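Heads up: the structure comes next, in structure tokens.
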Amino acid sequence: MRYTNLFVPTLKESPAEAEVISHQLMLRAGFIRKLTSGIYTYLPYGLAAIRRVESIVREEMNRAGAQEILMPMVQPADLWRESGRYLKYGPELLRFTDRHERESCLGPTHEEVITDIARREIHSYRDLPVNLYQIQTKFRDEIRPRFGLMRGREFIMKDAYSFDIDDKAAEQSYRAMHDAYTRIFSRCGLDFRCVEADSGAIGGSFSHEFMVLAETGEDTIAVCTACSWAANLEKAAVLPPRQKNIAAMLPLGEVETVGKKKVATVCEFLGIPTTALAKTIVFTADGVAVALLIRADREVELVKIKNYLGVQELRVAEEKEIFDAVGVAVGYLGPVALPIRLLVDQEITGMANFTTGANRKNYHLVNVNPNRDVLLKEVGDFRRIDGDDPCPSCGGPLQLIQGIEVGHIFKLGTAYSETLKAYYQDQNGNEKPLVMGCYGIGVSRVVAAAIEQNHDKNGIIFPVPLAPYQVVVLNLATDDDELTAVAETIYADLQAAGIETLLDDRGERPGVKFKDADLLGFPYRVTVGKRFREHGMAEVVRRRDGRSEACAPAELAGFLGDRLSGGSD
RNA sequence: CGGGGCGUAGCGCAGCCUGGUUAGCGCGCCUGCCUUGGGAGCAGGAGGUCGGAGGUUCGAAUCCUCUCGCCCCGACCA
């Protein structure tokens with residue numbers, strides 16, 4: 001491709017709306033332009049990068065035995081009603097009616113449609129296993145789109161769905177996808193981790209997320225530095241307390257704590273560490289008030305509580321709701337004689353003589369002891385794991401790092417096949433539900449994540465497999481016939497050698513070309529300018545580290561071919 | 001939806017508080033000259049319903065009301 005024919009509107013300055021580096025660079029490098037909030041046009045260069053990711057995804061999905069299909073984006077509401085998700089999915093699902101007043105929605109995901117296909121077309125164990133995937137634009141009416149392609153409302157996703165005869169076979173399919181994903185992200189040149197994850201709204205029995213490590217990641221993951229364990233923070237299991245506080249139980253007492261409502265002020269007032277205080281937090285779980293007792297310095301993990309309770313909606317209750325349910329003002333809540341359901345974080349079982357609210361305004365209880373003063377009926381793991389906690393798998397030290405979720409695989413089981421009645425007949429003629437799995441990759445997000453992970457102050461540093469062009473040839477003397485001929489020959493040679501090359505044949509000054517080359521992130525840059533006339537060698541510079549080498553034009557194709565296939569980039 | 005902020009040329013911004021001729025600056029764009037190894041220089045030029053509607057006023061980018069859009073912080077997710 002010639003630069004003069006390429007539509008890449010680059011920007012010197014980054015638009016004010018861009019917060020994170022990948023968004024800034026994608027705007028500056030002419031990848032995308034925004035149409036409206038969370039919705040972007042992919043310009044040629046950005047699309048080319050997306051296509052690179054897509055082709056890696058396709059190759060690996062096909063290699064893993066999956067077959068590509070393409071499902072409709074517009075879907076009938078009735079199908080979503082049938083699965084129960086028309087109501088459950090919430091406002092993220094964009095609903096509308098067509099000219100015949102038929103209710104419809106834009107597909108945020110395709111479990112319903114694929115299960116509909118499956119129930120119509122798969123009838124026998126002989127048809128199984130099947131794994132179907134598509135690469136398609138999804139629409140989710142996100143509450144808050146942000147960071148450009150990182151969290152758009154429209155985004156390109158690869159989603160795959162597997163169908164098996166039983167759990168065991170489904171786990172094999174799951175494993176195959178896990179391996180395919182590992183290959184995909186490795187081939188993209190990304191630094192990533194596969195972590196245990198919450199299966200969330202899609203439902204299902206277990207799942208893993210693939211996280212690209214980057215400081216701007218919206219998720220935090222816990223990684224063991226000693227073994228291979230890693231998990232999303234919201235999922236990471238906390239080990240039960242190692243040792244019990246075996247101090248003799250002191251008599252329960254009530255102390256006046258007028259106006260002391262916050263953990264910090266109560267502890268300061270009573271002269272105790274926050275680890276000796278237990279806070280009582282009230283939640284509204286599908287409209288019902290539920291309390292949690294947890295050590296005061298700990299963070300509550302809402303997802304764990306939500307999963308334990310099996311509710312749809314869980315949020316911290318508002319002050320009025322709390323007062324209505326408990327009859328006590330926030331700040332003096334406690335577990336003793338609490339009139340609502342009480343969950344207890346497991347850590348409490350190891351504590352003795354701790355302080356809590358007294359369920360009476362301006363009073364706290366001291367020397368509260370489990371079982372003597374509070375019956376611990378529902379004990380569980382409800383707190384968020386901490387960087388100081390031991391690895392739940394091996395006990396080793398943990399590290400908390402930020403990640404961008406680029407892939408998520410779920411073992412769905414029979415949740416959808418049963419509600420949508422997708423059955424097959426086994427060898428004995430028995431009707432059984434298909435056992436499903438689903439597997440997503442945020443294709444457009446992968447490009448954003450790759451840039452987050454691969455850039456410097458001058459611009460993008462594309463990993464070779466994702467680069468739209470592996471090499472840019474800069475002709476610095478477009479008005480010089482001799483040098484232009486050299487650049488043209490190099491360009492032709494590289495193309496003939498199968499290397500995707502961009503020839504910068506613009507009449508711009510050298511500085512402009514260098515800056516654009518850096519910004520656009522070509523892995524290798526070949527420069528033909530007046531220095532060429534001095535020694536007859538073209539300059540080859542590697543973007544990642546700026547390493548410069550000289551090479552005779554005739555040898556360039558082989559020279560670059562070696563480096564590009566060497567995998568050192 | 002709650003909280004915070006911003007809408008002035010393609011992009012980045014100033015002007016607004018304290019209303020007053022023709023609304024400015026940098027970058028980009030067009031023409032010419034010049035220059036050609038890190039976003040050059042000179043000269044000339046195009047480009048604006050100051051987000052929109054209403055109001056106050058002799059007079060509104062500026063003050064008031066409403067409205068739309070966008071960005072950032074919280075609950076969702078690839």
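Remember, predicted model here, so these are calculated numbers, not experimental data. All chains are named by letter (A, B, ...) in the order of the sequence lines, taking the proteins before the strands, and each is independently numbered beginning at 1. The basis for the numbers below is simple: all heavy atoms, side chains too, and nothing from hydrogens, waters or symmetry mates.
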Give a yes/no answer on whether the side chain of A/Lys12 brings an N or O atom under 4.0 Å of OP1 or OP2 in B/rG39. no
Could you tell me which nucleotide pairs with B/rU18 by Watson-Crick or G-U wobble geometry, both distances under 3.5 Å, or answer none if nothing does? none
Would you indicate what A/Ala18 reaches in the nucleic acid, counting non-hydrogen atoms under 4.0 angstrom: base, sugar-phosphate, or nothing? nothing
In whole angstrom, give the distance that lies between atom CG of A/Leu233 and atom P of B/rC77. 16 Å
Check: A/Gln453 and A/Leu190 side chains under 4.5 Å, non-hydrogen atoms: yes
Round to the nearest Å and state the distance from A/Ile143 atom CD1 to B/rC73 atom C1'. 13 Å
Considering only atom C1', compute the distance from B/rC63 to B/rU22 and round it to an integer number of Å. 24 Å
Output yes when at least one side-chain N/O atom of A/Arg509 is less than 4.0 Å from OP1 or OP2 of B/rG38, else no. no
At 4.0 Å (heavy atoms only), tell me whether A/Asp159 reaches a base, stays on the sugar-phosphate, or touches nothing. nothing
Within the structure, does a side-chain N or O atom of A/Thr36 lie under 4.0 Å from either OP1 or OP2 of B/rC70? yes
N/O donor-acceptor pair, side chain A/Asp219 with base B/rC77, under 3.5 angstrom: yes
Measuring from A/His455:NE2 to A/Phe462:CZ, what's the distance to the nearest 0.5 Å? 13.5 Å
Do the rings of A/Phe382 and A/Tyr308 sit parallel, tilted or perpendicular, given the 30° and 60° boundaries? perpendicular
What's the CZ-P distance between A/Arg144 and B/rA78, to the nearest Å? 18 Å
Report the distance from atom NZ of A/Lys34 to atom P of B/rG7, rounded to the nearest whole Å. 15 Å
Distance between the P atoms of B/rA14 and B/rC6, in whole angstroms? 10 Å
Calculate the interatomic distance between A/Arg146 atom CZ and B/rA78 atom C1'; express it in whole Å. 14 Å
Round to the nearest Å and state the distance from A/Asn232 atom CG to B/rC77 atom C1'. 11 Å
Do A/His408 and A/Tyr181 make the cut of ring centroids closer than 6.0 angstrom? no
Applying the 3.5 Å cut-off to both distances, the Watson-Crick or G-U partner of B/rU62 turns out to be none
Contact class for A/Gly152 (heavy atom, under 4.0 Å): base, sugar-phosphate, or nothing? base
Euclidean distance for C1', B/rC25 against B/rG47 (whole angstrom): 15 Å
With sugar-phosphate meaning primed atoms plus P, OP1 and OP2, does A/Asp518 contact a base, only sugar-phosphate, or nothing at under 4.0 Å between heavy atoms? base
How would you label the contact of A/Arg151 with the nucleic acid (heavy atoms, under 4.0 Å): base, sugar-phosphate, or nothing? base
NA contact type, A/Gly442, heavy-atom cut-off 4.0 Å: base, sugar-phosphate, or nothing? base
For A/Lys530 and B/rU35, give me the distance from atom NZ to atom C1', rounded to whole Å. 11 Å
Can you confirm if the NZ or CZ of A/Arg95 lies within 45° of the ring axis of A/Tyr86 and under 6.0 Å from the centre of its six-membered ring? yes
In whole angstroms, the gap separating P of B/rG39 from CZ of A/Arg28 amounts to 14 Å
Pick base, sugar-phosphate or nothing for A/Arg33, based on heavy-atom distances below 4.0 Å to the nucleic acid. nothing
Would the base of B/rG28 count as contacting A/Glu13 through its side chain, where contact means a donor and an acceptor less than 3.5 Å apart? no
Give A/Val406 one of three labels, base, sugar-phosphate or nothing, depending on what nucleic acid heavy atoms sit under 4.0 Å from its own. sugar-phosphate
Checking all strands, does A/Glu209 fall into the base, sugar-phosphate, or nothing category for heavy-atom contacts under 4.0 angstrom? nothing
Aro-ring/base stack A/Phe155-B/rA78, d under 5.5 Å, angle under 30°: yes
If you draw a 6.0 Å radius around CD in A/Glu319, do more than 12 non-hydrogen atoms from other residues or ligands fall strictly inside? no
Can you tell me, in whole Å, how much space there is between the C1' of B/rG59 and that of B/rG32? 43 Å
Tell me whether the count of non-hydrogen atoms from other residues, nucleotides or ligands lying under 6.0 Å of CD in A/Gln67 goes above 12. no
Answer yes or no: does a side-chain N or O of A/Ser37 lie under 4.0 Å from OP1 or OP2 of B/rC71? yes
